[in-house]
Amino acid sequence: RASTGSVVDCMELEIPDTDVDGWTVVAASGEIDVATAPVLRDQLTDLVEAGSTRLVVDLEDVDFIDSTGLGVLVGGVRRARAEDGDLRLVCTNTRILKVFEATGLDEVFTIGSTVDDAVAAEAQ
């Protein structure tokens, strides 16, 4: 079977022009895995270095996340908290939430069902 090419990037990132109550929202979609996680890592790093230390990563349109993706989010929350900020998540996908619960990362991250919920929540 001949292949016509490969999918290089299965994840898209969107950063809205407006913040939500001082929080920068990063909306990811597709898969966050070993191939695409570096894009998210670079974006989060750039945002924190530019002074955006209060971040919300919206995972509502994410279908899959692997250990590399989880590692990027952990690195992002550490980086943000080191600058007196935070990184919070939006996720209602049961399969993705189970990954956070199984790894204990639901105790590390504030996870809301909407961006507004994540912003308004008390920090972990």
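All residue numbers refer to positions in the sequence shown, counting from 1.
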Restricting to side-chain hydrogen bond (donor to acceptor under 3.5 Å, both in side chains), what partner residues turn up for [X], sequence neighbours left out?
| X | answer |
| --- | --- |
| Arg79 | Thr45 |
| Glu60 | Thr92 |
| Ser113 | Asp117 |

| Taking the side chain as C-beta and beyond, is there a heavy-atom pair between Asp58 and Val115 under 4.5 Å? | yes
| query | Tell me, do Leu89 and Val56 make a side-chain contact under 4.5 Å, heavy atoms counted? | reply | no
| task | Apply side chain to side chain contact (heavy atoms under 4.5 Å, CB included) to Leu59 and Ile32, showing your working. | result | CA-CA 10 Å; Leu59 301 176; Ile32 304 176; 3.9 Å; yes
| note | For Asp61, the side-chain contact (heavy atoms from CB on, under 4.5 Å) test, sequence neighbours excluded, returns Ser29
| task | Identify, with sequence neighbours excluded, every residue that meets side-chain contact (heavy atoms from CB on, under 4.5 Å) alongside Thr68. | result | Val34, Ala37, Asp66
Spacing of [X] atom [atom1] and [Y] atom [atom2] [to the nearest 0.5 Å]:
| X | Y | atom1 | atom2 | value |
| --- | --- | --- | --- | --- |
| Asp116 | Asp21 | CG | CG | 7.5 Å |
| Thr103 | Lys98 | OG1 | NZ | 14.0 Å |
| Thr24 | Gln43 | OG1 | CD | 10.0 Å |
| Arg81 | Arg54 | CZ | CZ | 13.5 Å |
| Glu101 | Glu107 | CD | CD | 9.5 Å |
| Asp63 | Ile96 | CG | CD1 | 7.5 Å |

| Stepwise side chain to side chain contact (heavy atoms under 4.5 Å, CB included) test for Leu40 and Leu73 | CA-CA 9 Å; Leu40 178 59; Leu73 292 174; 4.1 Å; yes
| remark: In short, Leu44 meets Leu55 closest at the heavy-atom pair CD2-CD1, 4.0 Å
| message | Looking at every heavy atom in both Gly76 and Leu87, which two are closest together, and how far apart are they? | response | C-CD1, 3.8 Å
| request: Determine whether Leu97 and Leu70 fall in the same hydrophobic cluster, where Ile, Leu, Val, Met, Phe, Trp and Tyr are linked whenever their side-chain heavy atoms lie under 4.5 Å apart. | output: yes
| said: Please tell me whether Phe64 and Val57 are part of a single hydrophobic cluster in this structure, the criterion being side-chain heavy atoms less than 4.5 Å apart. | reply: no
| Got a donor-acceptor contact below 3.5 angstrom from the Thr36 side chain to the Glu31 backbone? | yes
| Residue pair Phe100, Val108: steps toward the side chain to side chain contact (heavy atoms under 4.5 Å, CB included) verdict | CA-CA 9 Å; Phe100 284 95; Val108 173; over 6 Å; no
| said: Applying side chain to side chain contact (heavy atoms under 4.5 Å, CB included) to Val74 and Phe109, what does each step give before you reach the verdict? | reply: CA-CA 9 Å; Val74 169; Phe109 291 99; 4.2 Å; yes
